[in-house]
Asker: 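A single structure is presented below for examination.
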Amino acid sequence: MKYTPKSTGLHRTRPQGRLCAAAAGAVLLLLLSAVFSGCARQPEEPSLDFDPPESFSEAGAVEPQDRWWTGFDDKQLNSLVEKALEENFDLRTAWHRLREARALAERRSASLFPEIDAFSEAEARRSPGVRGDEEVFSLGMSADYEVDLWGRISSEVDAERYRADAGLEAYRTAAVSLSAEVAQTWYQLTEACSRLELLRDQAGANKKILSLVRARFANGRTGRADVFRQEQLFESTREQVHAAQSQISVLQHRLAVLLGRSPGRKTGCGSSNLPDPPPLPETGVPTELLSRRPDVREARLRLNAADMDLAAARISRYPRLSITASASTSDENTAELFQDWFRSIAANLAAPVLDGGRLRAEADAAEAVKNQRLYEYGQTVVEAFQEVEDALVQEEKQKDRVESLEKQLDLAKSAVRQLQSQYFNGEGSYIDVLNALTEQQQLQRDLLAGKQELIEYRIALYRALAGGFDTGRTAGDSRQVQH
């Protein structure tokens, strides 16, 4: 259904005519809005049925830093993270996705304002019986504007603005994930380099013991089986040296890619010792986590955008009012081009009458999407709580495990010294020495891996508690689109 008042044309329309047309349009608009507002269905609003915990199982005393990796006091790590935030290709991609979302929001915001076009034409035409061409010059402007009667356009604009804000939070989430991945890879590389050094030391010790066993065999004081056993242990250690060298290369390749470099470029091994975790950060109240974590904020903003999309889909079933206006002038003589103007203004009122249920289906689809975003938000929230609790309990138990490994290693060293002394003094069996030595060397490697896992659990905790931080691109760019 479409309603178009009379345009003014070249002649002035009487005020009474304009008032009658406007009154008729207003009456028709009110009637249609009453009919269609009665057809709008109000679905039952879904709700999230879960209770956030009152507190976390552990609570540190140190306020968490935005740039959390600086707490390890590792200058090389600081440099690597800063380089990754600047050069990593995935993070650059996330940044340009944000720029795209902001541009789309600005484009949609333009719908709130009239669209004005200017035109100019020059036409040459020939009439029958007339010699030569007749030239006509035209100039004019036209404007189109849809009145946002029910807020449909505003809802669509708000939806795009929420998505743009969600894009900023997605970028911040990517930056947090990147910093954590760089730190994890760096300390995995440090552990692999330390393990390589340890394995080389163990291989050297095993070779020295092999020489002593061979000497005893040459003197007839032991059997050849003891030589074979020690040779096997020596070769096993050498085999692990090769595996550690391979892992170091793979980790160096991964770190180079995180820094936006070619995998062929080496990044070195860094410190030969793994650091102790910094003091436990303050975990705060669980509900504060919802406003701090960028992925939770992103999920909430996407829910808001879906809510605005649903509102726009429902309003699409209401009447629409658009206004068009134009002013133009034409003449054969450019000197007299601006003397006579043709002006027109028209208002169009259109309302869907029969669409086969298309608009209702679009509203139902928008409602389903909103429900999806609602439950995605709920899942993000509960997973955020889980990540903090998991990291806390894993770190606590890993500390106990490291302490137990240290005690086991001290006992194993004492056992090896005792058994070696007995064996080389002609007492005891070499198989006991071999078993004790193998266990000691494995405990040394387990202890090194345990310390590295302890650092990984702390990195996981920092990541679970982290809020957004400024990168080189977001410094001074904390703006969000106004709703």
Side-chain angles (χ1 to χ4, degrees), residues 48-72 77 81 84-85 88 90-91 94 166-188 254 258 275-303 372-402 449-469 471:
L48 294 176
D49 187 16
F50 75 93
D51 295 325
E54 296 182 359
S55 62
F56 291 113
S57 57
E58 296 286 340
V62 179
E63 183 177 355
Q65 305 178 54
D66 290 338
R67 309 178 83 81
W68 54 266
W69 59 90
T70 59
F72 288 103
L77 174 61
V81 173
L85 293 176
N88 180 265
D90 284 339
L91 192 61
L168 175 60
E169 300 304 334
Y171 173 77
R172 288 171 173 167
T173 300
V176 170
S177 298
L178 176 62
S179 62
E181 191 171 356
V182 170
Q184 288 175 342
T185 306
W186 174 245
Y187 286 123
Q188 287 171 359
R254 184 192 304 172
L258 289 173
D276 293 327
L280 190 69
E282 183 180 0
T283 55
V285 180
T287 52
E288 295 177 352
L289 190 68
L290 306 184
S291 60
R292 185 165 67 244
R293 281 186 48 148
D295 60 332
V296 176
R297 295 199 300 265
E298 177 192 355
R300 179 64 189 179
L301 288 166
R302 296 201 183 280
L303 171 59
Q372 293 174 42
R373 299 294 176 265
L374 176 67
Y375 297 124
E376 287 171 359
Y377 171 71
Q379 186 68 22
T380 303
V381 168
V382 295
E383 286 180 356
F385 294 149
Q386 178 192 357
E387 288 173 4
V388 175
E389 285 292 356
D390 286 352
L392 287 171
V393 69
Q394 286 172 327
E395 179 174 340
E396 180 185 5
K397 298 306 177 183
Q398 188 67 15
K399 287 179 180 178
D400 296 338
R401 181 169 176 263
V402 168
K451 290 182 177 180
Q452 189 268 327
E453 288 180 20
L454 181 61
I455 292 176
E456 285 208 1
Y457 292 142
R458 172 53 63 86
I459 293 174
L461 179 60
Y462 283 136
R463 183 176 185 173
L465 295 173
F469 52 82
T471 65

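We use all heavy atoms of the structure for the numbers below, so side chains are in, but hydrogens, waters and symmetry mates are not.
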Asker: Is it true that a side-chain atom of Q398 and a backbone atom of G450 form a donor plus acceptor pair closer than 3.5 Å?
Answerer: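 At least one qualifying donor-acceptor pair exists.
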Asker: Using 0.5 Å steps for rounding, measure from the CZ atom of F385 to the CG atom of L290.
Answerer: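 Answer rounded to 0.5 Å: 4.5 Å.
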Asker: Taking R292 for its side chain and L465 for its backbone only, find out whether a donor-acceptor pair lies under 3.5 Å.
Answerer: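 Yes, the answer is positive, given that a donor and an acceptor are paired below the 3.5 Å cut-off.
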Asker: Do you know which two heavy atoms are closest between V182 and A84, and how far apart they sit?
Answerer: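 Here V182 and A84 meet closest at CG2-CB, 3.7 Å.
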Asker: Donor-acceptor pair, E389 side chain versus S57 backbone, under 3.5 Å?
Answerer: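 Judged by distance alone, yes, a pair lies under 3.5 Å.
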Asker: So, taking the atom named CG in L454 and the one named NZ in K397, what distance separates them when rounded to the nearest 0.5 Å?
Answerer: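 The distance works out to 13.5 Å.
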Asker: Any idea which heavy atoms bring L303 and R373 closest together, and the distance?
Answerer: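 Closest pair (atom of L303, atom of R373, distance): CA-CB, 3.8 Å.
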Asker: Set out, in order, the CA-CA distance, both residues' side-chain angles and the distance that settles side chain to side chain contact (heavy atoms under 4.5 Å, CB included) for R302 and E376, then state yes or no.
Answerer: CA-CA 10 Å; R302 296 201 183 280; E376 287 171 359; over 6 Å; no
Asker: For residues D390 and Q386, is any side-chain donor paired with an opposing acceptor at under 3.5 Å?
Answerer: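 Yes, a side-chain donor-acceptor pair sits under 3.5 Å.
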Asker: For L301 and A166, work out which heavy atoms get closest and say how close.
Answerer: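 Heavy-atom minimum between the residues: CD1-N, 3.6 Å.
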Asker: If you round to the nearest 0.5 Å, how far is CD of E288 from OG1 of T283?
Answerer: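 Output value for this atom pair is 9.5 Å.
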Asker: For A464, is there any backbone N or O sitting under 3.5 Å from a side-chain donor or acceptor partner on R293?
Answerer: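 Yes; judged by distance alone, with no hydrogens or angles, the pair exists.
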Asker: Going through the distances and angles, do V296 and Y377 end up as a side chain to side chain contact (heavy atoms under 4.5 Å, CB included)?
Answerer: CA-CA 7 Å; V296 176; Y377 171 71; 3.9 Å; yes
Asker: Looking just at side-chain N and O atoms, do S291 and R297 make a donor-acceptor pair shorter than 3.5 Å?
Answerer: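 Their side chains do not contain a donor-acceptor pair, so the 3.5 Å distance test is not met.
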Asker: Are side-chain heavy atoms of W68 and S179 found at a separation under 4.5 Å?
Answerer: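 They are in side-chain contact.
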Asker: Is the shortest distance from a Lys or Arg side-chain nitrogen in R401 or E453 to a carboxylate oxygen in the other one below 4.0 Å?
Answerer: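 Yes, charged N to carboxylate O under 4.0 Å.
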Asker: Are W186 and F72 close enough that some pair of their side-chain heavy atoms sits under 4.5 Å apart?
Answerer: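 W186 does not reach F72 side chain to side chain.
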Asker: Would you say E383 and D295 make side-chain contact, with heavy atoms under 4.5 Å?
Answerer: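 They are not in side-chain contact.
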Asker: Rounded to the nearest 0.5 Å, what's the gap from OH on Y462 to CH2 on W69? Could you check?
Answerer: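 Here the rounded value is 12.0 Å.
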Asker: For the residue pair P281 and Q65, establish whether any side-chain heavy-atom pair is separated by less than 4.5 Å.
Answerer: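 P281 vs Q65: side chains apart.
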Asker: Give me the atom names and distance for the closest heavy-atom approach of A466 to P294.
Answerer: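 For A466 versus P294, the nearest heavy atoms are O-CD, 3.6 Å.
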Asker: For residues T471 and F469, determine if any side-chain heavy atom of one lies less than 4.5 Å from a side-chain heavy atom of the other.
Answerer: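 Yes. Closest side-chain heavy atoms under 4.5 Å.
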Asker: Does T70 reach the side chain of V81, with side-chain heavy atoms less than 4.5 Å apart?
Answerer: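 In short, these two side chains do not touch, never coming nearer than 4.5 Å.
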Asker: Determine whether E456 and Q188 make a side-chain contact, defined as any pair of heavy atoms from C-beta on separated by less than 4.5 Å.
Answerer: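 Answer yes - side chains close enough.
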Asker: Roughly how far, to the nearest 0.5 Å, is CZ of R172 from CG of L91?
Answerer: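 One gets 12.5 Å once the value is rounded to the nearest 0.5 Å.
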Asker: Going from CG on L178 to CG on N88, what distance comes out if it is rounded to the nearest 0.5 angstrom?
Answerer: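 Result: 4.5 Å between the selected atoms.
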Asker: After noting the C-alpha distance and the side-chain angles of E282 and V62, does the key distance pass the side chain to side chain contact (heavy atoms under 4.5 Å, CB included) rule?
Answerer: CA-CA 5 Å; E282 183 180 0; V62 179; over 6 Å; no
Asker: When you compare the side chain of L85 with that of R67, does any pair of heavy atoms fall below 4.5 Å?
Answerer: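 The answer is yes; the side chains approach within 4.5 Å.
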